There are 2 protein chains.
Amino acid sequence: MAEQVTLADVAHWAGVSLATASRALHGAGGRTVRPDLRARVLAAAAELDYSPNANAQAIVRGSTSTVGLVVQDLGDPTGAAVAAGVMAAASERDLIVTVAATGFDPALQIRHVEALRRQRARAIILAGARFADPETTDRLADELRGYGVGGGGLAVIGRPGLPAPTVVTDDVGGSRRLALALHGLGYRRFAVLTGPEDLLTAEDRVSGFLDGLAAVGTTVPDEDVLSAAVTRDGGYAAMTELLDREEIGNGTGTGTGSDGKLLVFAVSDTMAVGAMAAARDRNIRIGPDLALAGFGDTPALRDVRPGLSTVRLPLVDLGRWAVDLALPGHERPGSSADPEAPPLMSTPADVVLRESTPPVPG
Amino acid sequence: MAEQVTLADVAHWAGVSLATASRALHGAGGRTVRPDLRARVLAAAAELDYSPNANAQAIVRGSTSTVGLVVQDLGDPTGAAVAAGVMAAASERDLIVTVAATGFDPALQIRHVEALRRQRARAIILAGARFADPETTDRLADELRGYGVGGGGLAVIGRPGLPAPTVVTDDVGGSRRLALALHGLGYRRFAVLTGPEDLLTAEDRVSGFLDGLAAVGTTVPDEDVLSAAVTRDGGYAAMTELLDREEIGNGTGTGTGSDGKLLVFAVSDTMAVGAMAAARDRNIRIGPDLALAGFGDTPALRDVRPGLSTVRLPLVDLGRWAVDLALPGHERPGSSADPEAPPLMSTPADVVLRESTPPVPG
DNA sequence: CTGTTAGCGCCTTCAG
DNA sequence: CTGAAGGCGCTAACAG
């Protein structure tokens, strides 16, 4: 087994002391090392193909240069967009990003935060996926708190309520506005495709949507709120189930059913795309026969046709802002603010209407 | 600034020695610590909210539990799919994944490998993005070699040629077969949307495609091979440029132009989707008016309509296999094999024909 | 079984 | 400006 080259080797090879080698290499605080020695050290390092041990540096410096991102699913375009934002912002600060996917498992979420904490990550960004279960939430909050007192930067994207600075997404308001806009278009009959019922973000979007409808005197029967995994396949499955029992006009261009054209609201664009595929597989045209809306305006999904009406979340910026929040300027975090009343940053959530929800004639 | 709790604190609080505390906590090699002491240590750790310093562990163990993935762009569904595979495989081995995006910058690629090497990552997976520039390639090879002798696991996804085990994608063969299949469908007029000319993977796909066509006596004029960024927007731009000067039937359903319907081959599905959007914006129907094919069969893009003809790469599995290759069983890597003749693993690349390339009538 | 003692690779006072 | 020495947090031989 090949041995690693250490700083001592370099120093020895260059004929200087360990300290000098160290100074020459990462030359902190002005060039306080004689040029010729410095050159010798550099040459030695190059010759020996020296690679400084970041772990050793971390242990003595007390901090690393990695920021950890915990996301639900990188395969999902939504998660990927947030990750892209985080990575861009991190890269500007010369930080490395560690990504972990929880796959909707709350326990995994906690484990990943633990791991990041152990690595002494400079910051942790927790994206989405809050669960209703109070026990795991408490565990998570504890872990976050522990990490915070350790001096790590922290930010959460999504729903407020965790002891950390949060980039708040207006899930409730956005869905509510969507409902109103859709009602304004003439829709009166609705169904909802949501996630598992303990997924708070999905829950918020559903309640916002139903609230908005209620405000204009419309309700959605309970059995028309279907839950499934918040994935493309979940959307497909839920839509299939819905289609199995609803009456949808196919080919008339007007829509039928008991009371006008049905509008299906999927709580995420990803689910909506799955739903779209399910409809297509039954020769039901999205737009003319059945209307569909999603949530997120995921960039990678903007090319879907017909264009998907949705609520625009600045996904990439969410990632950027989260690292801004987690790693503020050069101040020491955690010293000034009350950790129990962390800063919140609100973000827009505007309705975007496209062809998947054409105005209802008449 | 809050102090971190160390193992010494825990040991002290529990009234035991450092060594005992260590043993009790990560209890390696059978329970060799008295239950009551063990309990006291655990209690102390919990009470103090102790979080072991992974860096310190790494430095003494000589190895970490992170695998680094270097990919072009996580925002691109292709990169995301590979990442998903890597993360799944890593998770099975209890490893954490660090993801870095190079954004098509060869220098960044090297910097990321350097960083991973410094962190003493357990393995490095380099996905795609090989450049023609010999200097950066050499630098990269050096870095990889240095990392390899340090005992790190290593795997490359894509084109062989780097001093590392490689999961080889059959870009040349796949494109070639695609060309033949398309010719078999009746197409005789082609254009190609490729990446920057120093991007080897793109280059391979183009040459495979042209080769295939040449084998059946068809050629593509140089000016009909357009290059742009290998992104959705790059595809859009290149297609727009192409459309500005080609004659495409629009609405006749038969296609026109000088010699039958044009088929556009984009070297990646992502580009193809952009190209599709460009065509749509000009009311040119993909399928009836103009045919389009991509490469990769990116899972997230399978719902695109009309279905995109492409060459299927097992993207997610590519990621999985790469970690298998980088972290073989329990053998010591690097001791047996010749590093200059690293193992190669071939993968399928089958043609998938969908609606975007209907058979040409007549 | 438990405690003491070396390091691991590096940075950083502290004297020269 | 340079070198020697101490310590970061932890594990792994060693003794007891």
Side-chain angles (χ1 to χ4, degrees), chain A residues 1-42 44-45 48-65 117-121 150-152, chain B residues 1-42 44-45 48-65 117-121 150-152:
Chain A
M1 55 177 281
E3 291 304 326
Q4 294 269 2
V5 177
T6 83
L7 183 56
D9 298 325
V10 175
H12 190 255
W13 206 93
V16 300
S17 79
L18 237 167
T20 306
S22 173
R23 285 190 278 248
L25 255 352
H26 87 331
R31 62 177 84 64
T32 168
V33 70
R34 222 172 50 203
D36 60 319
L37 280 196
R38 179 189 187 72
R40 274 204 343 248
V41 172
L42 259 29
L48 298 176
D49 194 17
Y50 169 67
S51 169
N53 187 325
N55 292 301
Q57 297 182 146
I59 196 182
V60 58
R61 294 213 250 255
S63 160
T64 61
S65 58
R117 188 181 166 199
R118 285 209 280 260
Q119 319 227 26
R120 301 297 186 261
Chain B
M1 56 175 282
E3 291 303 326
Q4 294 269 1
V5 177
T6 83
L7 184 56
D9 297 327
V10 174
H12 190 255
W13 206 94
V16 300
S17 78
L18 238 170
T20 306
S22 174
R23 285 189 280 250
L25 255 351
H26 90 328
R31 62 176 88 63
T32 168
V33 70
R34 222 171 52 202
D36 59 321
L37 281 197
R38 179 188 188 72
R40 277 212 330 254
V41 173
L42 260 28
L48 298 176
D49 195 18
Y50 169 67
S51 170
N53 187 325
N55 292 301
Q57 296 183 146
I59 198 182
V60 60
R61 292 213 251 256
S63 159
T64 61
S65 58
R117 186 180 166 201
R118 283 209 281 262
Q119 319 230 22
R120 301 296 187 263

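Please read these numbers as outputs of a predicted model, since none were measured by experiment. By convention in this document, chain letters (A, B, ...) are assigned in the order of the sequence lines, proteins followed by strands, and residues within each chain are numbered from 1.
Listed by first and then second residue, the side chain to side chain donor-acceptor pair (under 3.5 Å) pairs involving residues 7-18 of chain A are A/S17-A/T20 (not counting sequence neighbours).
An end-to-end axis angle of 40° holds for the helix from C/dC1-D/dG16 to C/dG16-D/dC1, taken from five base pairs per end and rounded to 10°.
Residues satisfying the salt bridge (charged side-chain N to carboxylate O under 4.0 Å, His left out) test with A/R120, not counting sequence neighbours, are none. Judged as a side chain to side chain contact (heavy atoms under 4.5 Å, CB included), and not counting sequence neighbours, the contacts of B/A24 are B/V33, B/R38, B/V41.
Taking atom CG on A/L7 and atom P on D/dG3, their separation rounds to 13 Å, with Å as the unit. When the P atom of D/dG9 is taken as reference, atom NE2 of B/H26 falls 18 Å away, rounded to whole Å. A straight line from CG of A/L25 to C1' of C/dC11 spans 12 Å, rounded to a whole angstrom. Distance B/R120 CZ to C/dC8 P: 14 Å, rounded to the nearest Å. In this structure, B/Q4 places its CD atom 8 Å from P of D/dG9, rounding to the nearest Å. Regarding A/L48, its CG atom lies at a distance of 14 Å from the P atom of C/dG9, rounded to whole Å.
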Donor-acceptor pairs are to be reported for all side-chain atoms of residues 52-63 of chain A against protein atoms at under 3.5 Å, with residues two or more places apart or in another chain.
unit_1: A/N53; atom_1: OD1; unit_2: A/N55; atom_2: N; d: 2.8
unit_1: A/N53; atom_1: OD1; unit_2: A/A56; atom_2: N; d: 3.2
unit_1: A/N55; atom_1: ND2; unit_2: B/Q119; atom_2: O; d: 3.1

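Within residues 52-63 of chain A, the residues having any heavy atom closer than 4.0 Å to DNA chain D are, in order of number, A/I59, A/V60. Of the residues in residues 8-18 of chain B, those with a non-hydrogen atom less than 4.0 angstrom from any atom of DNA chain C are B/V16, B/S17.
Between B/T20 and C/dT2, a side-chain N or O to OP1/OP2 separation shorter than 4.0 Å is absent. Side-chain N/O atoms of A/S22 include none lying less than 4.0 angstrom from OP1 or OP2 on C/dC10.
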Inset, instruction - Check the pair A/V10 / A/L18 against side-chain contact (heavy atoms from CB on, under 4.5 Å), numbers first and verdict last. - result: CA-CA 8 Å; A/V10 175; A/L18 237 167; over 6 Å; no

Inset, instruction - Show your reasoning for whether side-chain contact (heavy atoms from CB on, under 4.5 Å) applies to A/R23 and A/V16. - result: CA-CA 11 Å; A/R23 285 190 278 248; A/V16 300; over 6 Å; no

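Heavy atoms only, all atoms of each residue included: A/A121 and A/T64 are closest at CA-OG1, 3.5 Å. Nearest heavy-atom pair, B/R40 versus B/G15, reported as atom, atom and distance to 0.1 Å: NH2-O, 3.7 Å. B/L25 approaches B/Y50 most closely through the heavy-atom pair CD2-CE2, 4.3 Å.
In the set C/dT2, D/dA4, D/dC10, the nucleotide with an atom closest to the side chain of B/T6 is D/dC10.
Separation of atoms CD (B/Q4) and CG (B/L48) is listed at 12.5 Å; rounding is to 0.5 Å.
One donor-acceptor pair, N or O on each side, does fall under 3.5 Å between the base of D/dG3 and the side chain of A/R23.
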